[in-house]
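Below is one structure; the comments refer to it alone.
This chain uses plain numbering: 1 for the first residue, then up along the sequence.
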Amino acid sequence: MKVVLGLALGLAACGSHAGEDRVIVPGQRVGAITRTTGMADLRRIYGPTNVVVTEVEIGEGETAPGAVVFPDDSLRRVEVGWHDSTARVPRFVVVRGARSAWHTDAGVTLGTGLTRLTQLNGRGFVLLGFGWDYAGTVVSWNDGALGVHDSSHTRFIVRLAPTAAGADSLQRGALGDREYRSDQAGMAALAPAVYELLTTFE
């Protein structure tokens with residue numbers, strides 16, 4: 001009896017610790033969430049009352065079956081989209097907004113600005129234009145430090161949006177589904193900052 005109780009307490013402690021992990025390791029995991037984490041795992045790790053079944057946005061007005069972890073806590077909130085309605089295999093994990101406790105092992109988080117991203121990467125990078133569903137998606141880190149973690153089964157995507165006052169008029173030279181350099185003229189004036197961290201699983 002003591003052995004069984006000890007094992008149960010040990011597993012509970014492990015689950016609690018895993019649920020406190022907010023580190024994103026690109027190409028591997030988002031906290032305790034990996035490419036094999038299903039709905040039952042989410043409930044075990046984060047607690048059943050902290051996991052809500054819902055449809056999550058995937059862009060262009062489309063949604064996918066999913067779950068939101070910590071839906072009422074903006075700093076801990078994370079969304080998981082499933083491959084299908086069985087909720088056994090994650091399709092993606094996404095953190096969105098202005099601020100978050102979630103961060104990569106390199107220090108990228110929601111609100112990280114252009115200058116800091118460049119410092120962490122060790123050089124400039126290439127991103128898509130603003131003003132559409134996939135605005136500010138980084139498409140190349142130019143062989144910098146932030147682009148070495150994707151694996152054959154997992155991709156890590158960073159998206160930025162302008163935060164400067166009057167950005168609507170300033171961003172006219174960096175709009176749409178086209179590639180722009182992070183160090184091009186006028187980009188710094190837009191003060192782009194991270195608004196989405198997306199991990200996709202195949």
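Listed for the Arg77 side chain is a donor-acceptor partner under 3.5 Å among the backbone atoms of Pro71. Between the side chain of Asp133 and the backbone N or O of Glu60 there is at least one donor-acceptor pair closer than 3.5 Å. In this structure a side-chain-to-backbone donor-acceptor pair under 3.5 Å is missing from Trp102 to Arg99. The closest donor-acceptor contact from the side chain of Asn121 to the backbone of Trp141 lies under 3.5 Å. Side chain of Arg22 to main chain of Gly19: a donor-acceptor pair is present (N/O by atom type, distance under 3.5 Å, no hydrogens or angles). Looking only at distances, a side-chain donor or acceptor of Ser100 sits under 3.5 Å from a matching main-chain atom of Leu75.
Using a 4.5 Å heavy-atom threshold, the side chains of Val80 and Ile33 count as touching. Taking the side chain as every heavy atom from C-beta outward, Leu160 and Leu117 approach each other to under 4.5 Å. Taking 4.5 Å as the limit, some side-chain heavy atom of Phe156 sits within range of a side-chain heavy atom of Thr104.
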Derivation of the side-chain contact (heavy atoms from CB on, under 4.5 Å) call for Phe92 and Leu198: CA-CA 7 Å; Phe92 63 85; Leu198 172 66; 3.9 Å; yes
Derivation of the side-chain contact (heavy atoms from CB on, under 4.5 Å) call for Leu127 and Met187: CA-CA 11 Å; Leu127 66 161; Met187 187 64 74; 4.1 Å; yes
Stepwise side-chain contact (heavy atoms from CB on, under 4.5 Å) check, Val108 with Val194: CA-CA 8 Å; Val108 179; Val194 176; 4.3 Å; yes
Derivation and outcome, side-chain contact (heavy atoms from CB on, under 4.5 Å), residues Val139 and Glu179: CA-CA 8 Å; Val139 294; Glu179 296 184 357; 3.8 Å; yes
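Glu196 CD: more than 12 foreign heavy atoms inside a 6.0 Å radius. For Asp143, the CG atom counts as loosely surrounded, since its 6.0 Å shell holds 12 or fewer non-hydrogen atoms of other residues, nucleotides or ligands.
Nearest heavy-atom pair, Ala193 versus Gly111, reported as atom, atom and distance to 0.1 Å: CB-O, 3.8 Å. Between Gly124 and Ser182, the shortest heavy-atom distance links the atoms CA-OG, 3.4 Å. Residues Ile45 and Ala32 approach most closely at CD1-CB, 3.9 Å, considering heavy atoms. Looking at every heavy atom in both residues, Gly97 comes nearest to Leu110 through N-CD1, 3.5 Å. Closest approach of Thr109 and His103 over heavy atoms only: CB-CB, 3.9 Å. In terms of heavy atoms, Ala64 sits closest to Ile58 at CB-CG2, 3.8 Å.
Under a hydrophobic-cluster definition in which Ile, Leu, Val, Met, Phe, Trp and Tyr are linked whenever side-chain heavy atoms come within less than 4.5 Å, directly or via other members, Val158 and Val25 are assigned to different clusters. Under a hydrophobic clustering in which Ile, Leu, Val, Met, Phe, Trp and Tyr are joined whenever their side-chain heavy atoms come within less than 4.5 Å, directly or via other members, Val78 and Met39 fall into the same cluster. Under a hydrophobic clustering in which Ile, Leu, Val, Met, Phe, Trp and Tyr are joined whenever their side-chain heavy atoms come within less than 4.5 Å, directly or via other members, Leu146 and Leu128 fall into different clusters. Under the 4.5 Å side-chain heavy-atom criterion for grouping Ile, Leu, Val, Met, Phe, Trp and Tyr, Trp132 is connected to Val126 within one hydrophobic cluster. Using a 4.5 Å cut-off between side-chain heavy atoms of Ile, Leu, Val, Met, Phe, Trp and Tyr, with links allowed through other members, Val93 and Val138 fall into the same hydrophobic cluster.
Summarising the geometry, atom CG belonging to Asn142 is positioned 10.5 Å from atom OG1 belonging to Thr118; distances are rounded to the nearest 0.5 Å. We find the CD-CZ distance between Glu79 and Arg96 to be 4.5 Å, quoted to the nearest 0.5 Å. Put simply, OG1 on Thr163 and OH on Tyr195 are 13.5 Å apart, with the number rounded to the nearest 0.5 Å. For the atom pair OG1 of Thr37 and CZ of Arg35, the computed distance is 11.0 Å after rounding to the nearest 0.5 Å. From Leu190, atom CG reaches atom CG of Leu114 across 9.0 Å, with rounding to the nearest 0.5 Å. Atoms OG1 and CD1, from Thr199 and Ile157 in turn, are 8.5 Å apart once rounded to the nearest 0.5 Å.
In this structure, Arg91 is not positioned above the aromatic face of Trp82 in the sense of NZ or CZ being under 6.0 Å from the six-membered ring centre and within 45° of the axis.
Side-chain contact check for Thr137 and Arg159: at least one donor-acceptor pair (N or O, by modelled atom type) lies under 3.5 Å.
Using a 4.0 Å cut-off between charged nitrogen and carboxylate oxygen, Arg29 and Asp21 count as a salt-bridge pair.
Taking the six-membered ring where the residue is Trp, Phe70 and Tyr46 present perpendicular rings, their angle passing 60° and hence far from 30°.
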